[in-house]
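What you see is a predicted model; the values in this text were computed from it and never measured. Both backbone and side-chain heavy atoms feed into the values below; hydrogens, waters and symmetry mates do not.
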Amino acid sequence: MLFFIAGIISSCHKLDVPITTEVTPSVFPQDSLGYIQTELTPYVALDGYLAQEYFFQQSYSTDEAIMPAHGGNWYDGAQNMQMHYHSWTKDNGYLNGNWGWMSVIVSSANQAISILTTTMPAGTNKQMKLAELKLVRDYAIFMLMDNWGNVPLDTLYGDFNPHPNIPRAQVFAFLENDIKNTIPYLSTTVDQTTYGRFTAYGAYALLAKMYLNAEYYTGTARYNDCIAACDNIISSGKFNITARSNYLVMFYPSNGPTSPGSEDEFIFAVPFNSNGSGWYGRSANYHARYDVPRSMGKVAAGAGYNYFGLPYDPSGPASTLPEFYANFNDSNDVRNGQWLTGLQWQDAAKTIPLTVTTTNVGYDQYYSGNNPGGSYTYQVNLVPNVVLRQDIANGQDPYNGVSNGFDVGNDEIAWTMGYRNIKFHPDASSSSRNQNNDIPIFRYSDIILMKAEAILRGGSATNGSTPLSLVNSLRANRTTSPAWSDINLDSVYNERCRELTWEGWHRNDMIRFGKFEGSWGYKTNADTYRRIFPIPTSALTLNPSLKQNPGY
């Protein structure tokens, strides 16, 4: 499998290599291993910020997740607060980091395309590799377009002239043409040899995502084209909606090309290895994909371990909001199992309470009794609401946007605020906070939901499928509740929330469904110009030809 040699290129997810390296056609590569290493470089770059900063930007700007400070910790220069309040500026750390990361992917893909075009022998394998690299580049350009609208097109290695941003519709047109041109050369094999690589089906999935959002991106609806792209994946017969019993397993650290669930559904996934290119961002420390309270640290599995049997101490200040969790209203739905809620127990039978012993003031930093150091034991109980107690205690009014700290406090009450997502389950096999869970970018269930939505929005039904039959085919593998008898866009949106939680698509969905300007948590900002982000300071400094987005 291609990614067995990932360690040759990168030892961790943090990408600090320069855009231009010493890998040039004159010195490298000279043989098949060199060709593979060259091809792998953009894929490794894709690992980059995917599990951390990119997820934060997509999720913390929505009702899916909130990342408050805890006694000043995780305030992080206000970037999390800005994401929640929709008050971000061009100096926001996530925006600067993600723009740079996506630009590195584009540049490294352009470089690899140039090198392999020059040095690799002609043939179908060369055509396939070049097509794959263009898809990696195009996916990065898609992310730039989705987040920033009008962006520069950089498609030629060695061209270091500053490029101006061009209209989003033109970027869309370039991507559509480039992706369609690669499809004849991409593999249609779906197995271990193509896992983690762009195949023809990954290309169709990217096109489907573009077409579903085309009315927002370009002003012209492309729902029939979305349906056609989805049908190319569905009719291949190479993917399935995984069984109910495999839904949660699909995201476990053991997931991969032959694992239950992921072998059915993953169209394009980014592989991670805790011993090499591990996705540190989805670890408990960086609170991106699973988040357990600090109070669930070293309490249940013996000295040096914690509730999840991990050989490291997790922390988890991020959680969801009640507005998002309200979508999980079916007690028979297996997807409820991705959440930690309510009272916590040490055993599945719920006979041994998970308790924490601290002090009175350790439990409640605002304890006003006469024995602050007295012992206090409680059963961990995760509550739905996230209250910025420290802000309120300091006389601020976070409900009206007056928050200087975005802070819930740093006591046990604070650490048990908010329901936690463990979809990308803690990895007990890892000796560090790196994890082995692969990250799906495009998944078959998303294809089913996109087709249903496209038909509801005016596209023509095909192959006997209706929005209702498509969504019921998914729900039959997720819940034991009766099939739906009716469907509308709101119910499809709710189903997308349940199915695709924590997978990085919620901001995209909220914008398309007209919900991004709504209110949740402490956020009331309804400015529509914030559907795209400001061109970050770092980009404006490096490229004076860029023009700032409207409103910023």
For Lys209, salt bridge (Lys or Arg N to Asp or Glu O under 4.0 Å) partners two or more places apart = Asp446
Establish, yes or no, whether the cationic atom of Arg530 lies under 6.0 Å from the six-membered ring centre of Trp88 and within 45° of the ring axis.
-> yes
Apply side chain to side chain donor-acceptor pair (under 3.5 Å) to Asn224 and Tyr211, showing your working.
-> CA-CA 8 Å; Asn224 282 333; Tyr211 291 142; over 6 Å; no
Smallest separation among heavy atoms of Pro42 and Leu133, with atom names | CG-CD2, 3.6 Å
Can you pull the salt bridge (charged side-chain N to carboxylate O under 4.0 Å, His left out) pairs that have at least one residue in residues 252-268, sequence neighbours excluded?
-> Glu265-Arg443, Glu265-Arg478
What residue pairs, at least two apart or across chains, pass salt bridge (charged side-chain N to carboxylate O under 4.0 Å, His left out) with a residue in residues 140-162?
-> Asp146-Arg507
Is there a donor-acceptor contact under 3.5 Å linking the side chains of Lys423 and Tyr247?
-> yes
Under 3.5 Å side-chain donor-acceptor pair for Glu53 and Asn98 | no
Kindly assign one of parallel, tilted or perpendicular to the pair Tyr43 and Phe268, based on the angle between their ring planes and the thresholds 30° and 60°.
-> tilted
Go through the structure and list residues passing side-chain contact (heavy atoms from CB on, under 4.5 Å) with Lys238, not counting sequence neighbours.
-> Thr188, Val190, Tyr201, Ser236
With Ala454 via side-chain contact (heavy atoms from CB on, under 4.5 Å) - residues at least two apart | Leu212, Tyr223, Cys226, Ile227
Excluding sequence neighbours, so at least two apart, what forms side chain to side chain donor-acceptor pair (under 3.5 Å) with Asp191?
-> Thr193
